[in-house]
Amino acid sequence: MDPIFLAQALVRCPSVTPADAGAMDVLQQALEKLGFTVTRLTFGEEPDGPIENLFATIGSGGPHFAFAGHTDVVPEGSGWSVNPFSAGIHDGQLVGRGIADMKGAIAAMVFAAAAHVERGSPGTLSFIITGDEEGPATYGTDRILEWMEERGIRPDMCLVGEPTSVQKLGDCMKIGRRGSLNAWISVLGAQGHVAYPDRADNPIRRLVPALNELQARVLDTGNDWFTASNLEITDLEVGNPATNVIPAVAKARLNIRFNDMHKGPELAAWIEEVIARHAPNADVKIRISGEAFLTEPGVLSALVSAAVEAETGRVPELSTTGGTSDARFIRRLCPVVEFGLPGMSMHKVDEQASVADIEALGRIYDRLLRAVFAG
Ligand SMILES: [Zn+2]
């Protein structure tokens, strides 16, 4: 089984979320060829859907190991030196949108699965693959897990193939992720002449102290596995072009990246309380994109580390940095870690991964499966 050929076939499907563009068909065929039972799960409606998802499984009984990932990619953008969906190989680099994040890893997983099937190991191996990770993730992994839970399907452990390596394959894996929350704040006042402030009501006078209080709080100073949580004001908008007018409305937006010492709803309640105290008539909209999670270092991270070290000679750093990932959903089923290709080029122009790294990742996943199913 050639992981490069499969990686190229996947990249040639321009599966920019929510489009699938044939990517799931390519994966389904590859897995069915190995004997997997493949279930296609289509969820959602326009405009964020419909979304193609896939659950595939082979074998029975324990241990039950699952690979997880996504076939969707971010838009290609402009300025590429090659066609972003032609999947050409240039100087040993496979170039194309989604190769690092994370079609290369999916191909490596199928490579490892092929070796697993050939060995005839006992136990169960599954694939949890979504087409909605880069988008709102409403109709993706979360919904596949619901479908699995309804059927009592629960893996013992799971690896997500996100591009966690930084400079070199094997230098880093993720054992957790910070949570993320966005807030949109809109304070209403009354417009008027700046020379007659008594006849107007300036909303900036209430918004600024509220934001000050929010950003003055030290949320925490971090812990063994996480850096400190951080609140960042990401937008301020009054849009007032006149020097002699008090504006009618002032808006702000903020984001909090928080560690496992906080829960999204508690932070949301705090923001609402502070804003309400300074600006009782403000409109506050809060969206929690994901809670923080941590898979405490243990059996799973040790197995992945050992496989990485045996193949690359590098012991991966156990990290919790970066954005959110679908592991935040999977952790409710079983221990989950993330390990994949170097991610320096992900979401960028000329996204690429070396052919050697994709092949080595396949061998790392193979070593991991051998260890999981041997013990
Ligand atoms: Zn990704």
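- The hydrophobic cluster containing Ile288 does not contain Phe226, counting ILVMFWY residues as joined when their side-chain heavy atoms lie under 4.5 angstrom apart, directly or transitively.
- Between Phe55 and Leu41, the closest heavy-atom pair is CB-CD1, 4.2 Å.
- The CD1 atom of Ile286 sits 10.0 Å away from atom CG of Asn182, with the distance rounded to the nearest 0.5 Å.
- Judged by the 6.0 Å and 45° rule, Arg331 forms no cation-pi pair with Phe293.
- In this structure, the side chains of Asp20 and Cys13 stay at 4.5 Å or more apart for every pair of heavy atoms.
- No side-chain donor-acceptor contact under 3.5 Å links Asn259 and Asn223.
- Using a cutoff of 4.0 Å between basic side-chain nitrogens and carboxylate oxygens, Asp142 and Arg332 are scored as salt-bridged.
- With respect to Glu311 and Arg367, a salt bridge is recorded, a charged nitrogen being found less than 4.0 Å from a carboxylate O.
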Using the side-chain hydrogen bond (donor to acceptor under 3.5 Å, both in side chains) rule, take Lys174 and Thr321 through it: C-alpha gap first, then chi angles, then the decisive distance, then the call. CA-CA 8 Å; Lys174 306 274 189 203; Thr321 59; 3.0 Å; yes

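- The side chain to side chain donor-acceptor pair (under 3.5 Å) test with Ser15 singles out one residue from Glu134, Lys103, His70, and that residue is Lys103.
- Linking ILVMFWY residues whenever their side-chain heavy atoms come closer than 4.5 Å, directly or via other members, leaves Leu125 and Ile128 in distinct clusters.
- Open room surrounds CD on Glu118; 12 or fewer heavy atoms of other groups in view lie less than 6.0 Å from it.
- The line from NE2 of His64 to CG of Leu333 is 9.5 Å long, rounded to the nearest 0.5 Å.
- Across all their heavy atoms, Ala105 and Gly161 have their closest contact at CB-O, 3.3 Å.
- No salt bridge links Arg328 with Glu291; every basic N to acidic carboxylate O contact stays at or beyond 4.0 Å.
- Put simply, the side chain of Ser186 never gets that close to the backbone of Asp283: no donor and acceptor are under 3.5 Å apart.
- With Thr17 as reference, Asp72 is the one residue of Thr71, Asp72, Asp48 to meet the side chain to side chain donor-acceptor pair (under 3.5 Å) rule.
- With respect to Arg177 and Asp326, no salt bridge is recorded, no charged nitrogen being found less than 4.0 Å from a carboxylate O.
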How far apart are the C-alpha atoms of Asp350 and Ser81, what are their side-chain angles, what is the distance that settles it, and do they pass the side-chain hydrogen bond (donor to acceptor under 3.5 Å, both in side chains) test? CA-CA 7 Å; Asp350 288 347; Ser81 60; 2.9 Å; yes

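- In terms of heavy-atom proximity, Val194 sits nearest to Thr243 at CG1-O, 3.9 Å.
- One hydrophobic cluster holds both Val337 and Leu318 under the rule that ILVMFWY side chains link at heavy-atom gaps under 4.5 Å.
- In the hydrophobic clustering of ILVMFWY residues, with side-chain heavy atoms under 4.5 Å counting as a link, Leu294 and Ile256 come out apart.
- For Asp171 (side chain) and Val166 (main-chain N/O), a donor-acceptor pair under 3.5 Å exists by modelled atom type.
- Ring geometry, Phe36 versus Phe127: the interplanar angle exceeds 60°, so the pair is classed perpendicular (tilted spans 30 to 60°).
- When all heavy atoms of Leu214 and Leu231 are compared, the closest pair comes out as O-CD1, 4.0 Å.
- Arg277 has a carboxylate O that lies under 4.0 Å from a charged side-chain N of Glu273, or vice versa, which qualifies the two as a salt bridge.
- Around the CZ atom of Arg205, the shell of radius 6.0 Å holds no more than 12 heavy atoms that belong to other residues, nucleotides or ligands.
- Residues Ile175 and Ser301 share a closest heavy-atom pair of CG2-CB, 4.2 Å.
- Hydrophobic cluster membership for Val73: Val16, Phe85 (Ile, Leu, Val, Met, Phe, Trp, Tyr linked by side-chain heavy atoms under 4.5 Å, directly or transitively).
- With Val74 as reference, His347 is the one residue of His347, Glu133, Lys348, Met346 to meet the side chain to side chain contact (heavy atoms under 4.5 Å, CB included) rule.
- Within a 6.0 Å sphere centred on CG of Asn244, heavy atoms belonging to other residues, nucleotides or ligands number more than 12.
- Hydrophobic clustering (ILVMFWY, side-chain heavy atoms < 4.5 Å, transitive): Val336 and Phe373 are in distinct clusters.
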